[in-house]
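In what follows, a single structure is set out as C-alpha cells and then discussed.
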Amino acid sequence: MDTENAVNYTYMGRSFNDLSINDNSSAFSDCNSDRSGEFPTASSQSRRLLLACANSENSDELIRQLVSDLESCSIDEQKQAALELRLLAKNKPENRINIAKAGAIKPLISLISSSDPYLQENGVTAILNLSLCDENKELIASSGAIKPLVRALRTGTSTTKENAACALLRLSQIEENKVAIGRSGAIPLLVNLLENGGFRGKKDASTALYSLCTVRDNKIKAVEAGIMKPLVELMADFASNMVDKSAFVLSVLVSVPEARTALVEEGGIPVLVEIIEVGSQRQKEIAVAILLQICEDSLVYRTMVAREGAIPPLVALSQSGTNRAKQKAETLIELLRQPRSGNAAARPSNVSV
C-alpha cells in the first residue's frame, strides 16, 4: 500500500520535518458516536434498556436476546433490537466488546443493506458505535462491512450518510482498510457529501477524507471526483466554520501534482493568501504550509502567489505568527523573492512530492 507521510526536506539551511501543524487532529475531533438525539420507545422498553446499562449481568443477557432478535422474521423486532444495541453501544463502552462477542456484527451488517431507512440507519449507527472500540475495527472490516457502508453512503438518509462516513473513518484507522475503502467507491460519495451535505455531513466527510487521503491512490480519486471545488469554496467562506477542516484536507492532497493543478484551476491561491491576511493563527499556519508546498518546485506558482500580493501578509506573519508559521513564512518569502529565471537551479533539494 502506498501511504504517504508528510513531506520532509531541507531548504536554505532550514530542516522541515513536515509541512503541517502540530494540532491538526484537533480539527477533526467531533466525528465520534451517533449524535442523532433521542428516540421514542415505550416506557417498558426504556426501563429495560436503563436496567441493562446499570447492571452488567442483565446487560449480557439482554445483549444475547437482542442479537437473536436481529435475525427475527419480524421487521419491528429487528428495528427495536438494532435501536437498543445502537444505544447500548453508544452509552456504555464495555458493551461494545460484549455486543461484538455476542455475534452482533454480521447481522447488523446485513441490516445496512435493508430497504427500510430506519432499519438501515440503526444498523449503520450500531456499527459506528461498535467501531469506537479498537478491538472491534478489524472484525467489522473482515466481516464485510465496508461495501454495505459505502452503499449506505449512497442511498441512506442524511443521518445514515453522516454516520456511514464516520464508520468508514473509524475503519480507516487501520491502514490496510484505506485502500479497500477507496476501491469500494467511497471517495466520490464522500466528496459529494462534502459539497452537498448539511454542516454535520460536511464535517464528517472532511474528517473521513482527511484520513483516507494519506493513501496516494485515494488522493487521485478525490481530485478526480472534484474535491478541490468544495474545498476552495469552504476555505473562502469564513462563516462556514469549515476553513480549518478544508485546509487540513487540502494539505494532505497537495503532495500530488494533480491536486496542485486542480487547486490553482479552482482559484485556490487567492483564497490561501486571504487566509494568511485575515485568518486565525492556526489557519494562517496551515495556509502558508500549503503555499510553500505548491511553490517549492514551481516558478509558475511562485509567480502567481507573488502577483496575488502574498509578500506583505507573509512578512507580517513572519513577525507575529507562531514559531512554525514564522519559519514557513520566511522560507516562502525567500522563494517568492528569487529571480524569475533559473528555476531549475533554484529548486530545493531533497524534496519529496
Side-chain angles (χ1 to χ4, degrees), residues 4-16 18-21 213 216-217 219-236 243 246-279 283-318 321 324-353:
E4 297 191 346
N5 296 317
V7 176
N8 300 297
Y9 71 97
T10 301
Y11 180 66
M12 291 184 174
R14 297 186 178 91
S15 177
F16 291 85
D18 61 73
L19 290 176
S20 61
I21 66 176
C213 287
R216 182 180 177 84
D217 285 350
K219 297 179 201 282
I220 304 301
K221 287 182 173 70
V223 173
E224 290 175 345
I227 192 173
M228 208 55 66
K229 180 176 181 289
L231 286 181
V232 171
E233 289 177 349
L234 289 168
M235 286 192 304
V243 175
S246 301
F248 279 120
V249 176
L250 179 57
S251 73
V252 173
L253 294 172
V254 291
S255 65
V256 296
E258 295 88 343
R260 297 194 288 273
T261 300
L263 171 64
V264 174
E265 289 177 348
E266 291 294 340
I269 287 177
V271 172
L272 290 166
V273 173
E274 182 182 13
I275 291 173
I276 294 173
E277 290 176 333
V278 300
Q283 291 165 359
K284 290 178 180 182
E285 187 173 330
I286 190 61
V288 72
I290 294 167
L291 286 175
L292 180 56
Q293 196 164 350
I294 70 171
C295 287
E296 64 192 10
D297 199 32
S298 173
L299 174 60
V300 172
Y301 294 161
R302 292 178 209 172
T303 302
M304 294 175 69
V305 171
R307 287 178 177 172
E308 200 58 45
I311 290 180
L314 284 170
V315 170
L317 185 61
S318 72
R324 290 164 63 87
K326 289 178 180 179
Q327 187 182 43
K328 295 184 182 82
E330 290 168 358
T331 304
L332 184 53
I333 291 167
E334 292 173 7
L335 269 175
L336 298 179
R337 285 176 171 170
Q338 285 181 357
R340 296 289 187 260
S341 61
N343 188 45
R347 289 176 182 168
S349 59
N350 302 322
V351 174
S352 173
V353 178

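Sequential numbering from 1 along the given sequence is applied to the chain's residues.
With rounding to the nearest 0.5 Å, the separation of CD in Glu258 from CD1 in Ile220 is 3.5 Å. Rounding to the nearest 0.5 Å places CG of Leu263 at 11.5 Å from CD1 of Ile227. Here CD of Glu277 is found 13.5 Å from CD of Gln283. Values are rounded to the nearest 0.5 Å. Going from atom CD1 of Ile275 over to atom NZ of Lys284 covers 11.0 Å, rounded to the nearest 0.5 Å. To the nearest 0.5 Å, atoms OG (Ser251) and CD1 (Ile286) are separated by 4.0 Å. Atoms CD1 and CG, on Ile276 and Leu332 in that order, are 6.5 Å from each other to the nearest 0.5 Å.
Inter-residue side-chain proximity for Leu314 and Leu291 is flagged as unmet; no heavy-atom pair is nearer than 4.5 Å. Looking at heavy atoms from C-beta onward, Val305 lies out of side-chain contact with Leu272 at the 4.5 angstrom threshold.
Considering all non-hydrogen atoms of both residues, Ser246 and Met235 come closest at CB-CG, 3.6 Å. A pairwise comparison of heavy atoms in Val232 and Glu266 identifies CG1-O, 3.6 Å as the closest pair. Of all heavy-atom pairs spanning Tyr301 and Ile269, the tightest one is O-CD1, 4.4 Å. Contact record, Val271 with Gly267: CG2-O, 3.6 Å, taken as the closest heavy-atom pair. Minimum interatomic distance between Arg216 and Pro257 (heavy atoms only, all atoms of both residues): NH2-CD, 4.4 Å. The minimum heavy-atom distance linking Ala247 with Ile290 is given by the pair O-CD1, 3.5 Å.
In this structure, Lys219 contributes its side chain and Leu253 its backbone to no donor-acceptor pair below 3.5 Å. Here the side chain of Lys328 pairs no donor or acceptor atom with the backbone of Glu285 at under 3.5 angstrom. Side-chain atoms of Arg302 never come within 3.5 Å of backbone atoms of Leu336 as a donor-acceptor pair (strictly under, hydrogens ignored).
Salt-bridge annotation for Glu233 and Lys229: present, with a side-chain N of the basic residue lying under 4.0 Å from a carboxylate O of the acidic one.
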